[in-house]
Amino acid sequence: MLIFNNTTSSSSSSGFLLTAYPGLELAHTWISIPVFCLYTIALVGNSMIMLVVITERSLHKPMYYFLSMLSAVDLCLTVTTLPTVLGVLWFHAREISIKACRIQMFFVHGFSFLESSVLVAMAFDRYMAICNPLNYAIVLTDMMSLVTGLTILIRQVVFMFPCVLAVSTVSFQGGKELSHPFCYYPDLVKFTYTNPWVKNFWGMFLQFYLNGTDLLFILFSYILILRTVLSIVAPKKQKKALSTCVCHICAVTVFYVPMISLSLAHRLFTSTPRVICSVLANMYLLLPPVLNPIIYSLKTKVIRRAICQLFKFKGSRDPNRRSLRGRWN
């Protein structure tokens, strides 16, 4: 408690104070254990997915390219928040400068928007595989996957660059206590010298425009997928077609539900307890990076088999071993 109090009192007006779990400062050491384990799972799991997709030639297909993009974004999002989260829990390093807070905020929201766009690309992949399988190989080529990735990046730059310019000119009131162990725009906007309602409305508009349109596209894709599946007469084929979408549906759920809940808690429900906001924030940042590699590894036989082979041969390849082939299961 002495370190915590000293850190708090030494805060200057040129920065913010990060908060992990309000009222549970004495238990930070114990809380840090499961948090550190989750971060480790996220780092190792997403790195492993990227490694097997890069090294295993049988996984050089659009569906796995998009999965590796998702893992890369989750990995970057994890690295963005890890220093401040563990810094608060382990060393009570609560103070962060306004400049550093701005940079972290841009990365947090930038990678969040990127993940939403990648989920849209994966939804289109599932739509083509189920609703138009004859043209799947023609439309979703390796070049098309590259173009899709570049389009996602260009879209990100087009929408984020004006936001960077706008927020960089905003003056913040330093010395304030934030609700999370990382910098989150709806949390920061409360401490601006300008009208916070205007800035809050702009942030909500941007989030709902980007994430909202992505979510609508995903829902529309699954409406078409469901209509196609229901038209299949054989129950086994229906079940097999739907099973190929389970992983993506789980990824969409663990990403959008915490994100929307946290956004509403900050913007609409001002009386929400800070502990609830902290829990929602950690779910928003940790659930997708932790659960996505676990879900895809357990559900997709090809990924699971590739990971097992990677551990079994420790990077060496047997020329006589069976090639990994298969579909999403």
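Just the heavy atoms: all of them, side chains too, but no hydrogens, waters or symmetry mates, feed the values below.
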### Query
Quick check: does any side chain N or O of H28 sit under 3.5 Å from a backbone N or O of W90, one acting as donor and the other as acceptor?
no
### Task
Take Q104 and T84 through the side-chain hydrogen bond (donor to acceptor under 3.5 Å, both in side chains) test and state the conclusion after the steps.
CA-CA 10 Å; Q104 187 185 50; T84 54; 2.9 Å; yes
Quick one: side-chain hydrogen bond (donor to acceptor under 3.5 Å, both in side chains) partners of [X], sequence neighbours excluded?
X	result
Y39	T81
Y127	none
S179	D187

### Query
Taking only residues two or more places apart in sequence or in another chain, which ones pass disulfide (SG to SG under 2.5 Å) with C101?
C183
For residues 224-236, run the donor-acceptor check on the side chains, cut-off 3.5 Å, and write out each pair with its distance to 0.1 Å, sequence neighbours left out.
unit_1: T228; atom_1: OG1; unit_2: L224; atom_2: O; d: 3.0
unit_1: S231; atom_1: OG; unit_2: T228; atom_2: O; d: 2.5

### Task
Report yes or no: do F113 and F159 belong to one cluster of Ile/Leu/Val/Met/Phe/Trp/Tyr joined by side chain heavy-atom distances under 4.5 Å?
yes
#### Entry: Hphob cluster co-occupancy, M144 + F66, side-chain heavy atoms under 4.5 angstrom
yes
### Task
Supply the atom-to-atom distance L38 CG to L286 CG, rounded to the nearest 0.5 angstrom.
5.5 Å
### Query
When rounded to the nearest 0.5 angstrom, what is the spacing between CG in L188 and NZ in K176?
13.0 Å
### Task
Look at the rings of Y184 and H180 and say which category their plane angle falls in: under 30° parallel, 30 to 60° tilted, over 60° perpendicular.
perpendicular
### F106 atom CZ, neighbour heavy-atom count above 12 within 6.0 Å
yes
#### Entry: By side-chain contact (heavy atoms from CB on, under 4.5 Å) - contacts of L291 (at least two apart)
V254, L287, I295
### Message
Side chains of S116 and Y256 only: does a donor on one sit below 3.5 Å from an acceptor on the other?
### Response
yes
